[in-house]
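One structure below.
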Amino acid sequence: MAARARAGIAPAAEAAYLAGLNPEQREAVETLDGPLLVLAGAGTGKTRVLTARVAHILATGRAFPSQILVVTFTNKAAREMKERIHAMVGDQVEGMPWLGTFHSIGVRILRRHHELVGLKSGFTILDTDDQIRLLKQLLAAENIDEKRWPARLLASTIDGWKNRGLSPKDVPPGEGAVFANGKGGMLYAAYQARLKALNAVDFGDLLLEGIRLFRENPDVLAEYHRRFKYLLVDEYQDTNVAQYLWLRLLAQGSKNVCCVGDDDQSIYGWRGAEVDNILRFESDFPGAKVIRLERNYRSTGHILASASHLIAHNEGRLGKTLFSEGEEGERVTVTGAWDSGEEARAVGEEIEALQRAGHRLSEIAILVRASFQMREFEDRFVTLGLNYRVIGGPRFYERAEIRDALAYLRCVNSAADDLAFERIVNVPKRGIGDATVKQIHDVARAAGVPLQEAARALAQSEELKPKVRATMRGLIEAFDRWREQARTLSHTELAEIVLDESGYTEMWQKDRSAEAAGRLENLKELVRSMEPFENLAGFLEHIALVMDTDNGAGEDAVQVMTLHSAKGLEFDTVFLPGWEEGLFPHQRALDEQGKAGLEEERRLAYVGITRARASARIWFASNRRIHGLWNSTVPSRFLDELPDAHVRVEESRGGMGWGGSSYGGGSYGQSRFDRAEPFAASSYSTPGWQRAQNNRGRSDGGGPSRSGFSERSGGRYDAGAAGRRGPMVIEGTLVASSTGAPSSFRTGERVFHIKFGYGEITGIDGNKLTVQFDKAGEKRVLEAFVDRV
DNA sequence: ATCAGTATACTTTTT
DNA sequence: GTATACTGAT
């Protein structure tokens, strides 16, 4: 009541969508005029606020459904948003064409004004794979060695520019010169020209061309200004510069832009997200109001306190203090395992125990930093017969058979789709090899026609060998026939005919390999997924933008995924394995991004912990195999940053544990390296451990560093952290890296290894030794981890 | 044109 | 250790 009076809005009756909102949420829903930033901490009901806000705008008659722009990042988020709005306002949501991802709305706008940005109607949207193939061609045309300058690198460089809203002419000359000895900028321009010639855009263009459209056509922009009375943006911390510019242009109209996000959950910096966008909101949108949602409805007290204490170590943040009124619950646990195998075994046992205690598997998640970690858990679960599901991973559309099938359909849909034609011209193998393809290219270029036309011309000429000519003619005729059939048949029937007559299905039927059956199944699934669409073109557009397939909830199973894909989800119990220096925080994040990288890793840790409602269980292993070699590891610095009072250190039950019992009694407040004798009397009093300790001491002596931290990155991190928090300095990890230095060992010597025990050196390669172990057999190990005996 | 053997890399991922 | 990508031989 009070809130309503304060906001000066008095709906006839208390609206259902306002029921149960706390004062801050309610304020965020009811503050409709002017720019608004809602800083919504983890589990504070951000989606609820967004959806209630839409309901409120509609209920108060401030705008029609078609006058509200709601932007999300993923299709999944858009879908969920739509469902929840539907639950509140019913079928009015059907009148909201401007609810979608940045990209889907971007296409929608470009399709309406294609002629203003130099595109023909029906332009195609290239995916990453098409992009790479196109760039490869450009590199070849420029005689640039693809070995030294991979197309992938160029693709991500161009993507980076596009993320930052830079078209070829805007790229700073210095940056453009970095790739291929000064040819980067030129290649970007050439790439854009090729796209135009192909009547195609890539994902970045969907926004970049939109920005250009608005800038060059004020009347068009004004039209959208009139249209969009309210703008809502989800996950604002994930926006990149291009998205920000695009949004700002649109928001200049009504100025009623509401962005919801959490700077502490910004984990996509590596793909262009700018935390700065959210940090600078108030200056970017003058007169902006900021509302903080800090009441957490998800996690218990200990979990929340642990996450909050951890994230407080970050400098660049707006600052929020999450609180809850729920139970303290159980403490966050930290458990060490001897190696990654034991980690998986112990986690498996715990999950079985939880299952026996009546917990549902689908309420248990394993959140890993890197996908290679999943494998050991999967192996373990298979042995245990534990149901699990891997979320993420290679997506449906990325599978070769799906892409091939789509390429066929694209060729039928548009004879001008060169990239699709190129992909399938010799799939299945029909004897049209590189040489012939090059011929087609030459003809196409000379005549300025699409590849399919060029192929047609060649098939009629005398230039090809009779055999190739016949196949070519057959293929062209097939495409003509399919296009003809497309007029009369449904698109699903057409797809079946195309896949069948092209010999594509047959190709997999003949394939004896293990995955062939699955591929055929996927093809069927593809055809099935076409059903809801009106026509082929509509389906192809959808598939270009919506590349996820939701493999429905399904049966009760443990959820295995990366920390990144866990954002936005929640579970009763969350296992967080692999909290070791080098893996988490990831070495590469540290090397490449320095302090910013560390802070993003820390946000990732924060995201991980806050996924848990009742139980968060962190693990680390003392030994892990990295690139095939066993390495000793050091527990993650993030463990030190957890608050003692809310954490319980546990002994691993299975096997040897990590042996560091003194660890549990000690304080977490400071770096463990500040202690004089960290693990005296532990099982680490072995030659290998001592040697590792010595190495650590040695690495600050200025000699060639053997630590996993390069001198460069270690120094950079220390400089940043030492200044403000003193003892966080970690001089070097025990993760040894390869050095070219000659080994001090000789073959025939007896050595001891921390994991494999005693053995005899049989070979030496730099600092890698081949050792015949008495018990473990022959292994290749790093010199740093064995000792003379 | 195709296969097999070797080189190479290998965080995170959406659209 | 393993998957993929490319080169060279058939």
Side-chain angles (χ1 to χ4, degrees), chain A residues 71-78 100-107 125-132 136 146-147 150-153 156 159 162-163 201-208 235 238-240 242-243 266-273 340 367-376 379 391-395 397-398 400 426 428-437 465 467-468 471 541-548 561-568 578 582-593 597 600-601 603-605 607-608 624-631 738 779-780:
Chain A
V71 219
T72 64
F73 274 85
T74 64
N75 293 295
K76 191 168 159 235
T101 62
F102 274 101
H103 292 87
S104 66
I105 291 171
V107 188
I125 302 162
L126 301 193
D127 57 39
T128 323
D129 212 65
D130 295 327
Q131 236 181 85
I132 303 264
K136 273 192 179 155
E146 235 240 88
K147 277 275 168 51
R152 283 211 159 277
L153 180 63
S156 60
D159 259 4
K162 290 189 173 182
N163 285 156
V201 291
D202 63 18
F203 285 118
D205 287 339
L206 296 179
L207 291 159
L208 212 51
E235 305 276 22
D238 288 340
T239 47
N240 60 37
Q243 285 155 340
S266 165
I267 54 174
Y268 286 111
W270 50 273
R271 66 177 196 213
S340 48
L367 310 182
V368 298
R369 176 62 183 86
S371 41
F372 77 83
Q373 291 173 261
M374 292 180 182
R375 195 171 168 153
E376 228 152 349
D379 287 352
I391 312 289
R395 280 173 300 281
Y397 70 92
E398 276 175 353
N426 198 30
K429 302 258 157 57
R430 45 170 77 92
I432 301 174
D434 289 346
T436 317
V437 171
K465 295 201 181 98
K467 211 170 181 180
V468 182
T471 355
E541 169 102 352
H542 170 87
I543 213 77
L545 290 171
V546 184
M547 287 183 155
D548 63 343
M561 67 192 90
T562 63
L563 286 160
H564 282 91
S565 40
K567 195 175 75 162
L583 176 58
F584 193 35
H586 201 281
Q587 192 58 51
R588 230 161 120 167
L590 265 31
D591 286 347
E592 286 166 17
Q593 304 290 326
E600 184 153 311
E601 294 286 299
R603 290 193 290 268
L604 205 45
V607 166
R624 190 175 291 277
R625 198 163 47 191
I626 299 165
H627 307 328
L629 289 168
W630 281 97
N631 289 90
S738 228
K779 304 275 178 199
R780 296 213 343 135

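So that the names make sense, note that chain A is the first sequence line, chain B the second, and so on, each numbered from 1.
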- [ ] Using heavy atoms to find the nearest nucleotide of DNA chain B for A:Asp159 and A:Ile432 separately, return the residue whose nucleotide is more 5′.
- [x] A:Ile432
Task: A:Asn426 side-chain N/O to A:Gly431 backbone N/O, donor-acceptor pair under 3.5 Å - done: yes
TODO: Quick one: label A:Gly106 by what it contacts on the DNA or RNA (base, sugar-phosphate, nothing), any heavy atom closer than 4.0 Å.
DONE: nothing
- [ ] Could you work out the separation of C:dA5 and B:dT12 based on their P atoms and round it to a whole Å?
- [x] 16 Å
Open item on the list: Nearest whole Å is fine: how far is B:dT12 C1' from A:Leu590 CG?
Closed with: 14 Å
TODO: Using atom CG of A:Asn75 as one end and atom P of B:dT13 as the other, report the distance to the nearest whole Å.
DONE: 16 Å
Open item on the list: Students often get this wrong, so: under 4.0 angstrom with heavy atoms, is A:Asp202 touching a base, only sugar-phosphate, or nothing?
Closed with: nothing
Task: Per A:Ser565 side chain, nearest of listed nucleotides C:dG1, B:dT2, B:dT13 - done: B:dT13
Task: Strand DNA chain B in bracket notation, Watson-Crick/G-U under 3.5 Å with | for pairs to another chain - done: ||||||||||.....
- [ ] Return yes if some donor-acceptor pair links the side-chain N/O of A:Glu376 with the main-chain N/O of A:Gln373 below 3.5 Å, else return no.
- [x] no
Task: Closest to side chain of A:Phe203, choosing from B:dT15, B:dT13, C:dG1 - done: B:dT15
Task: Spacing of A:Lys567 atom NZ relative to B:dT14 atom C1', expressed in whole Å - done: 11 Å
TODO: To the nearest Å, give me how far apart CZ (A:Phe372) and P (C:dT2) are.
DONE: 14 Å
- [ ] Please state whether the rings of A:Phe203 and A:His103 are parallel, tilted or perpendicular, taking 30° and 60° as the class boundaries.
- [x] perpendicular
Which pairs, protein N/O on one side and nucleotides 6-10 of chain C N/O on the other, fall under 3.5 Å?
| from | atom 1 | to | atom 2 | distance (Å) |
| --- | --- | --- | --- | --- |
| C:dT7 | OP1 | A:Lys147 | NZ | 3.4 |

Open item on the list: Please pick, from B:dT2, B:dT12, B:dT14, the nucleotide with the shortest atom-to-atom distance to any side-chain atom of A:Lys429.
Closed with: B:dT2
- [ ] Round to the nearest Å and state the distance from A:His542 atom NE2 to B:dT14 atom P.
- [x] 15 Å
Task: Under 3.5 Å donor-acceptor, A:Glu146 side chain and A:Ala151 backbone - done: yes
